[in-house]
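Beneath this line is the structure, given in structure tokens, with notes to follow.
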Amino acid sequence: MPTPKRRTAIATLLRRLSVVVMSLTMAGLPSLTAPAAAAAEDFTVYTNERGTDQPALEQFGAVKSTVVYDFFHFTCDYSRCYSNGGALPSQATYEAKIKEYLVQFGADASAPLVLDFEDIVLTALSGQAATNAFNLWKNLITWTHNAAPSAPVGMYGYDWSTTNNSLTKQLHQNGLFDFFAPRGYRSGSETDAQWASRMDAAIANDRALAPGQPIYPYISPHYDGSPNGTYHSATTWAHTLNYLKTRTEGAVVWEPSANSAAACNWVQQHSYEMGVITGTGSSGPLHATATAPSGNCTVTRGTTNTVQVVLTNTSALTTAATQMQSFTGAPGFTGSWKYWNVPALAPGDSFTTELPLAIAASQSNSTALLRIRTGISTTRWSVVVP
């Protein structure tokens, strides 16, 4: 996975390419088109999860990262800044809390760390209150780097707003912030075009403030980022990720639940998109369709779920006879195929087998990525464990 320094180098190279393109065009030579951001293979999906019954999105290819919520409830007015309405914490107290969050989220020491202190975001303040918040931010960022020296640090914000841009720009200089983390949640009233327009403005503003720094927007499968709210359609989620892949270096998916049948369409689409992003999607001529006893994508922990699996030859050639491979799924999932030997299949023909899928009662994640494999094919199958 590219490191933040590697991402910076890529961004710098792309800026230089843009200059070359402009020079060639002005000289009357055929123009080239430089990508707006890193190539798709350099696009990293991060996840902020902690506690029990997590979706465990890292199994789909996401990378754990850390968010520090506003435990201290920072605010600033024209006089000074406060924590919970009183004195600001000492450096030692603040750094101890940062280290607690690192443990809670369990991310690698070099993974991005986002400070989510929304009441002191500079775009929401004015005058001396903004200046006081700016000075507080400089201390907090420095202390965060001290507590997590290997982690790039960024701020959750509303980057399409240019209020106090000169101050924000300074926070992305001199070893302070290392990346941007703009709010990318979609309102229920926004169309694809409206959401994209807002994100275009945020990304353009970030590139202008710190051209070499990565941008990792926060996105959610729920409208307005509301947990347990209505899920986006599969088409909307695909649009979200495909839009960001061409413009940013990554994204942070915030989804703390995904623990009911309502999540099925999103989980399956997300699994597909992550397979594309990580290069680990379904492959081979035989495509498997799995049907759980529930009739949807949910399976029950603590029981054996008899899953019907239909293999279909999606290629234009007859496949050779093969065998189902030993099932090794996510932790807590075990099973042995009822019928192992898969005959040769003409184009469009199918073969049906069953998998008595046992799920341990101790299995705690709310989703699982399972792989149905033959000697010539692999199909990603995603389930929800309520």
Side-chain angles (χ1 to χ4, degrees), residues 3-5 7-8 11 46 48 64-77 80-84 87-105 107-126 128-159 161-183 202 205-218 248-250 252:
T3 63
K5 290 183 178 179
R7 295 184 192 282
T8 299
Y46 294 99
N48 291 156
K64 284 188 174 184
S65 59
T66 301
V67 58
V68 177
Y69 294 114
D70 198 1
F71 173 85
F72 296 103
H73 191 199
F74 292 117
T75 57
C76 296
D77 60 21
R80 60 190 182 92
C81 294
Y82 312 85
S83 171
N84 293 306
L88 294 172
S90 66
Q91 178 177 350
T93 299
Y94 176 86
E95 291 185 10
K97 184 56 65 175
I98 294 293
K99 292 177 181 178
E100 284 184 25
Y101 275 99
L102 290 170
V103 172
Q104 289 176 20
F105 284 95
D108 185 82
S110 61
L113 185 157
V114 175
L115 301 178
D116 186 4
F117 304 156
E118 297 177 47
D119 286 342
I120 57 171
V121 171
L122 297 179
T123 55
L125 300 172
S126 61
Q128 188 59 43
T131 301
N132 290 339
F134 168 75
N135 290 324
L136 174 59
W137 272 115
K138 288 194 295 183
N139 282 337
L140 298 179
I141 300 166
T142 299
W143 294 351
T144 303
H145 279 301
N146 193 60
S150 299
V153 177
M155 175 187 69
Y156 177 83
Y158 305 88
D159 298 10
S161 173
T162 59
T163 302
N164 294 313
N165 249 9
S166 62
L167 295 179
T168 301
K169 182 175 183 176
Q170 294 178 61
L171 291 182
H172 287 267
Q173 298 172 340
N174 303 315
L176 294 173
F177 281 138
D178 303 297
F179 64 89
F180 294 91
R183 184 184 192 275
N205 191 29
D206 290 345
R207 298 290 185 211
L209 294 178
Q213 292 193 359
I215 302 174
Y216 306 131
Y218 264 74
T248 69
E249 289 70 32
V252 184

Side-chain touch [X]/[Y], heavy atoms, less than 4.5 angstrom:
X	Y	result
Lys97	Phe72	yes
Phe117	Leu140	yes
Val67	Val252	no
Arg183	Asp159	no
Ile215	Pro182	yes
Lys99	Val103	no
Leu171	Leu122	yes
Ile141	His145	yes

Any donor-acceptor N or O pair under 3.5 Å, side chains Thr66, Asn48: no

Donor-acceptor side-chain pairing of Asn205 and Asn165 below 3.5 angstrom: yes

Whether Tyr69 and Tyr101 hold their rings parallel, tilted or perpendicular, with breakpoints at 30° and 60°: perpendicular

Check: Tyr82 ring centroid to Phe74 ring centroid under 6.0 Å: no

Pairing residues for Tyr156 by the ring pair (Phe, Tyr, Trp, His ring centres under 6.0 Å) criterion, not counting sequence neighbours: Tyr158, Tyr218

Closest contact, heavy atoms only, Lys169 versus Leu209: CG-O, 3.6 Å

Under 3.5 Å donor-acceptor, Asp119 side chain and His73 backbone: no

Asn135 side-chain N/O to Thr131 backbone N/O, donor-acceptor pair under 3.5 Å: yes

Residue pair Tyr216, Tyr46: steps toward the ring pair (Phe, Tyr, Trp, His ring centres under 6.0 Å) verdict: CA-CA 8 Å; Tyr216 306 131; Tyr46 294 99; 5.2 Å; yes

Full working for side-chain contact (heavy atoms from CB on, under 4.5 Å) between Met155 and Trp137: CA-CA 10 Å; Met155 175 187 69; Trp137 272 115; 3.3 Å; yes

CZ (Phe71) with more than 12 external heavy atoms under 6.0 Å: no

Residues Asp206, Gln213; criterion side chain to side chain donor-acceptor pair (under 3.5 Å); working and verdict: CA-CA 8 Å; Asp206 290 345; Gln213 292 193 359; over 6 Å; no

